[in-house]
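Each chain gets a letter, A, B and so on, in the order the sequences are listed, and its residues count up from 1. All values reported here derive from a predicted model rather than from experimental measurement.
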Number of protein chains: 2
Amino acid sequence: MSVLDDTFAALADPTRRAILARLRSGEATVTELARPFNMSQPAISKHLRVLERAGLVSRSRDAQRRPCRLQAGPLKAATDWLEGYSRFWEDRYQNLDELLDELKGEEADDG
Amino acid sequence: MSVLDDTFAALADPTRRAILARLRSGEATVTELARPFNMSQPAISKHLRVLERAGLVSRSRDAQRRPCRLQAGPLKAATDWLEGYSRFWEDRYQNLDELLDELKGEEADDG
DNA sequence: AAGTTCAATAACCACCTGGTTTTATACAGC
DNA sequence: GCTGTATAAAACCAGGTGGTTATTGAACTT
């Protein structure tokens with residue numbers, strides 16, 4: 001449904017993350033992408049379809065080849081979403097939460 | 001396998017993202033989390049199990065209640081991973097890529 | 001002790017996912 | 001017009017996911 005659904009789902013697979021990493025150093029064809037994976041070509045094509053549906057990869061045409069290129073826009077959207085949680089991974093907030101919890105626990109013990 | 005697998009997979013579901021959003025404003029019990037969703041309690045419990053397995057939620061004990069708390073550490077790891085792509089969602093790089101592609105296309109046309 | 005509340009477990013279902021092998025399609029070059 | 005190459009498509013399979021209802025269990029309440 002949401003674009004974040006597709007983006008995060010696409011990123012949840014290590015093969016797909018490796019494909020994206022490879023595409024940072026430039027365009028690559030399907031067979032080039034498949035080579036390091038010891039995995040069948042159709043398997044890679046399926047992964048590429050997932051990445052394409054998530055808008056993370058676009059494909060052009062070069063004779064029989066279908067070169068893939070990284071499209072990072074959705075990654076920015078994902079990062080923006082995660083940014084909303086940045087203040088929660090700073091230690092002082094974590095400690096504050098735990099302190100509040102301890103206090104609550106003491107209340108319960110007392111009465 | 002990887003912690004990123006579990007993190008991104010957990011984030012791929014809108015219900016789970018909404019649960020995390022709710023937990024930003026403090027601890028909540030399972031029934032409290034289930035209330036806004038028009039979804040059965042076991043369904044929410046399953047989502048919480050996924051979030052817990054991904055290390056995004058921790059649970060304490062308060063009588064029959066099992067209050068859930070946000071654990072943002074894995075979100076930082078995910079953000080760090082995404083950071084490696086930040087230079088690709090800036091327009092000038094995108095344009096550079098497309099320019100290189102156009103040049104390559106012209107070469108092909110010429111020869 | 002009996003009832004109520006909060007949450008987990010079990011059993012089930014439809015659908016999706018990640019992989020396979022096999023087959024088909026599209027283009028290139030001799 | 002074959003042959004080889006690059007990729008997609010089809011059919012299949014095992015296992016995971018997201019949901020349900022019904023049941024169980026644990027802990028508070030009266």
Contact check, residues 31-41 of chain B vs DNA chain C, heavy-atom distance under 4.0 Å, returns B:Thr31, B:Gln41
Mind listing the closest non-hydrogen atom pair of [X] and [Y] along with its distance?
X	Y	value
B:Glu27	B:Arg22	O-NH2, 3.9 Å
B:Ile19	B:Phe37	CG1-CE1, 4.0 Å
B:Gln71	B:Pro74	O-CD, 3.6 Å

Whole angstrom value for the distance that separates [atom2] of [N] from [atom1] of [X]:
X	N	atom1	atom2	answer
B:His47	D:dT17	NE2	C1'	9 Å
A:Arg65	D:dT5	CZ	C1'	8 Å
B:Arg16	D:dT17	CZ	C1'	8 Å
A:Asp13	D:dG16	CG	P	14 Å
A:Lys46	C:dT22	NZ	C1'	13 Å
B:Glu27	C:dA7	CD	P	12 Å
A:Leu51	D:dA8	CG	C1'	16 Å
B:Leu48	C:dA8	CG	P	7 Å

Result for 5'-nearest mapping on DNA chain C, choosing between A:Ala43 and B:Arg66, is B:Arg66
Group every Ile, Leu, Val, Met, Phe, Trp and Tyr by side-chain heavy-atom contacts under 4.5 Å, then state whether B:Leu56 and A:Trp81 land in the same group. yes
Hphob cluster co-occupancy, A:Leu82 + A:Leu75, side-chain heavy atoms under 4.5 angstrom: yes
Determine, step by step, whether B:Arg49 and B:Ser45 satisfy the side-chain contact (heavy atoms from CB on, under 4.5 Å) criterion, reporting the C-alpha distance in whole Å, the side-chain angles of both residues, the deciding distance to 0.1 Å, and the verdict. CA-CA 6 Å; B:Arg49 204 161 49 81; B:Ser45 282; over 6 Å; no
Within less than 4.0 Å of OP1 or OP2 of [N], is there a side-chain N or O belonging to [X]?
X	N	value
B:Thr29	C:dA7	yes
A:Ser45	D:dT7	no
B:Arg61	C:dA8	no

C:dC6 base / B:Gln64 side chain donor-acceptor hit below 3.5 Å: no
Counting the atoms with a prime plus P, OP1 and OP2 as sugar-phosphate, which does B:Ala63 contact under 4.0 Å by heavy atoms, base, sugar-phosphate, or nothing? sugar-phosphate
The helix from C:dA1-D:dT30 to C:dC30-D:dG1: angle between its terminal axes, five pairs each, to 10°? 10°
Salt-bridge criterion met for B:Arg17 and B:Asp13 (N-O under 4.0 Å): no
Can a cation-pi geometry be assigned to B:Arg24 and A:Tyr85, taking NZ or CZ under 6.0 Å from the six-membered ring centre and within 45° of the ring axis? yes
Counting side-chain heavy atoms from CB outward, which of C:dA10, C:dC6, D:dA6 is closest to B:Pro42? C:dA10
Run the side-chain contact (heavy atoms from CB on, under 4.5 Å) test on A:Val57 and A:Arg59 for me, step by step, so that the C-alpha distance in whole Å, both residues' side-chain angles and the decisive distance to 0.1 Å come before the verdict. CA-CA 7 Å; A:Val57 153; A:Arg59 310 164 97 153; 4.3 Å; yes
Parallel, tilted or perpendicular for B:Phe8 and A:Phe8, by the 30°/60° rule? parallel
